[in-house]
Student: 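Let me give you the structure first, and then I'll get to my questions.
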Amino acid sequence: MNIDIQEEGDSGSGQAVAFTIADHEEVHVLHPQQIVAYQGPSSGRADRFMDVKGMYRKRKLIRADMSGPCHFVAALPPGYRIKTLQLDGKSDLLYDFRHLFFYSKGITMQTRVLSMKNMFITRDIVKVKFSGKGSIGILTEGTVCEATLHPFEPLYIDAGSVIAYPENANLELTVYGNHLASQHMSYHWKMTGQGPVLFQAGRQNRRFERDTNDEDGIFKRFLREVLPFGGVFIK
């Protein structure tokens, strides 16, 4: 399987991802409505209903199974990207299933039920662990970054930006910095353990654009910065 990702031409256009699937290869696309062009036998695409777990985790009913030989192009909205990851069967990372755009034949998924505390914090019940050898495509907002956990020195990452983390990592929802910093920042995961963490670097773009827009007025911006958690409650 070959994947060619075409970068955005300008800020108003999205990303195009071209897939070339060889004979005897198969890719499962979880956003089939984003397929805008296809070349190959008509039988090379078969849309199927997901199982109950897939419907719950993805909030969607249908996936498209694309069999080679074929070539197709998927379009992404502005601001979104696909990060392709090659799995060798040894990864212990947990993912949010909603980030998954595609996975290749040979990849299987196992459900991991979160603790009650993490369920309340993340508003999710399960994460997904992938096993097997093949490729997966993760849908992200902006560039995907990677950091390495330390057993004792915590790493703080914006809670909404985390894509995947080791199954045995220790997580605590918190803020950091001095009093003013902790009041106006969003919640972060305080993480320790071993292994890599993947996170997206573009999630804060909407807030940055809002903060640099003068239409809100100086008084509203002042309240948002000074009041405890003003950035959360004052829109």
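Side chains are part of it too, since the values below use all heavy atoms of this structure and drop only hydrogens, waters and symmetry mates. Owing to the predicted nature of the structure, the values given are computational and were not obtained by experimental measurement.
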Student: If you round to the nearest 0.5 Å, how far is CE of Met109 from CZ of Phe97?
Tutor: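 Interatomic distance, Phe97 CZ to Met109 CE, rounded to 0.5 Å: 4.5 Å.
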
Student: Taking all atoms of both residues into account, what is the closest heavy-atom pair of Leu155 and Ala147, and its distance?
Tutor: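 What the structure gives for the nearest pair is CD2-CB, 3.7 Å.
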
Student: Decide side chain to side chain contact (heavy atoms under 4.5 Å, CB included) for Leu149 and Gln194; before the verdict, give the C-alpha distance in whole Å, the side-chain angles of both, and the deciding distance to 0.1 Å.
Tutor: CA-CA 5 Å; Leu149 292 181; Gln194 294 182 332; 5.8 Å; no

Student: Grab the two heavy atoms, one from Ser104 and one from Gly134, that are nearest each other, plus how far apart they are.
Tutor: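 For Ser104 and Gly134, the tightest heavy-atom pair comes out as OG-CA, 3.4 Å.
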
Student: Might you point out which heavy atoms bring Ser131 and Gln110 nearest each other, and give the distance in Å?
Tutor: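 Taking every non-hydrogen atom into account, OG-NE2, 4.0 Å.
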
Student: Between Gln15 and Ile82, is there a donor-acceptor pair closer than 3.5 Å when you use the side chain of the first and the backbone of the second?
Tutor: yes

Student: If you measure from the Lys or Arg side-chain nitrogens to the Asp or Glu carboxylate oxygens, is any gap between Lys129 and Asp92 under 4.0 Å?
Tutor: no

Student: Atom CE of Met185 and atom OH of Tyr176: how far apart are they, to the nearest 0.5 Å?
Tutor: 4.5 Å

Student: Just verifying a value: how many Å separate Thr108 OG1 and Leu87 CG, rounded to the nearest 0.5 Å?
Tutor: 10.0 Å

Student: Measure the shortest side-chain to side-chain distance between Thr192 and Phe152 over non-hydrogen atoms and say whether it is less than 4.5 angstrom.
Tutor: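 Not touching, per the 4.5 Å side-chain cut-off.
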
Student: For the side chain of His31 and the backbone of Gln33, is there at least one donor-acceptor N/O pair under 3.5 Å apart?
Tutor: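 Such a contact is absent between His31 side chain and Gln33 backbone.
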
Student: Within this structure, what is the OG1-CZ distance for the pair Thr140 and Phe101, rounded to the nearest 0.5 Å?
Tutor: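 It comes to 12.0 Å.
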
Student: Indicate yes or no for a side-chain donor-acceptor contact from Gln200 to the backbone of Glu141 under 3.5 Å, with no hydrogens or angles considered.
Tutor: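 Judged by distance alone, yes, a pair lies under 3.5 Å.
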
Student: For Ile138 and Leu100: C-alpha separation, side-chain torsions, deciding distance, then whether side chain to side chain contact (heavy atoms under 4.5 Å, CB included) applies.
Tutor: CA-CA 5 Å; Ile138 301 299; Leu100 185 63; 4.2 Å; yes

Student: Around atom CD of Glu167, are there more than 12 heavy atoms of other residues, nucleotides or ligands at under 6.0 Å?
Tutor: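 Counting other residues, nucleotides and ligands, CD of Glu167 exceeds 12 neighbours.
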
Student: Assess the residue pair Asp47 and Arg63 against the criterion (salt bridge (Lys or Arg N to Asp or Glu O under 4.0 Å)); give the C-alpha distance rounded to whole Å, side-chain angles, the decisive distance to 0.1 Å, and a yes or no.
Tutor: CA-CA 6 Å; Asp47 286 14; Arg63 78 178 192 209; over 6 Å; no

Student: Hey, mind stepping through Asp158 and His188 against side chain to side chain donor-acceptor pair (under 3.5 Å) and telling me if it holds?
Tutor: CA-CA 4 Å; Asp158 177 80; His188 283 58; 4.7 Å; no

Student: Is there side-chain contact between Val175 and Tyr187, with at least one heavy-atom pair below 4.5 Å?
Tutor: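 Yes, their side chains come closer than 4.5 Å.
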
Student: Please report the closest heavy-atom contact between Val73 and Ala16, naming both atoms and the distance.
Tutor: CG1-CB, 4.3 Å

Student: Under 3.5 Å, is there a donor-acceptor pair between the side chain of Gln34 and the main chain of Ala75?
Tutor: yes

Student: Could you tell me which residues satisfy salt bridge (charged side-chain N to carboxylate O under 4.0 Å, His left out) with Lys190, sequence neighbours excluded, listed by chain and number?
Tutor: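 Lys190 satisfies salt bridge (charged side-chain N to carboxylate O under 4.0 Å, His left out) with no other residue.
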
Student: May I have the list of side-chain donor-acceptor pairs in residues 17-26 shorter than 3.5 Å, sequence neighbours left out?
Tutor:
residue: Thr20; atom: OG1; partner: His71; partner atom: ND1; Å: 3.0
residue: Glu25; atom: OE1; partner: Met1; partner atom: N; Å: 2.8
residue: Glu25; atom: OE1; partner: Ala22; partner atom: N; Å: 2.9
residue: Glu25; atom: OE2; partner: Met1; partner atom: N; Å: 2.7

Student: Taking atom OH of Tyr165 and atom CG of Leu198, what is their separation to the nearest 0.5 Å?
Tutor: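 Atom-to-atom, Tyr165:OH and Leu198:CG are 12.5 Å apart.
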
Student: Let me confirm one number: the CG-CG distance from Leu171 to Leu173, rounded to the nearest 0.5 Å.
Tutor: 9.0 Å

Student: Please report the shortest heavy-atom distance between Pro196 and Pro166, naming the atom on each side.
Tutor: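 Result for this residue pair: O-CD, 3.2 Å.
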
Student: Is the shortest side-chain heavy-atom distance between Arg45 and Pro32 below 4.5 Å?
Tutor: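 They are in contact (side-chain heavy atoms under 4.5 Å apart), so the answer is yes.
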
Student: Quick check: are there more than 12 heavy atoms from other residues, nucleotides or ligands sitting under 6.0 Å from CD of Glu146?
Tutor: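 Correct, the count exceeds 12.
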
Student: Please lay out, stage by stage, how Leu94 and Val128 fare under the test side chain to side chain contact (heavy atoms under 4.5 Å, CB included).
Tutor: CA-CA 5 Å; Leu94 299 182; Val128 173; over 6 Å; no

Student: Please give me the minimum heavy-atom distance between Ile35 and Ala64, naming the atom from each residue.
Tutor: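 Taking every non-hydrogen atom into account, CD1-CB, 4.5 Å.
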
Student: Hey, is Lys90 close enough to Asp88 for a salt bridge, meaning N to O under 4.0 Å?
Tutor: no

Student: Ring centroid separation for Phe130 and Tyr103, is it under 6.0 angstrom?
Tutor: no

Student: Walk me through it: do Gln86 and Ser135 pass the test side chain to side chain donor-acceptor pair (under 3.5 Å)?
Tutor: CA-CA 5 Å; Gln86 299 292 330; Ser135 303; 2.9 Å; yes

Student: Could you go step by step and tell me if Phe72 and Val29 meet the side chain to side chain contact (heavy atoms under 4.5 Å, CB included) rule?
Tutor: CA-CA 11 Å; Phe72 65 94; Val29 180; 4.0 Å; yes

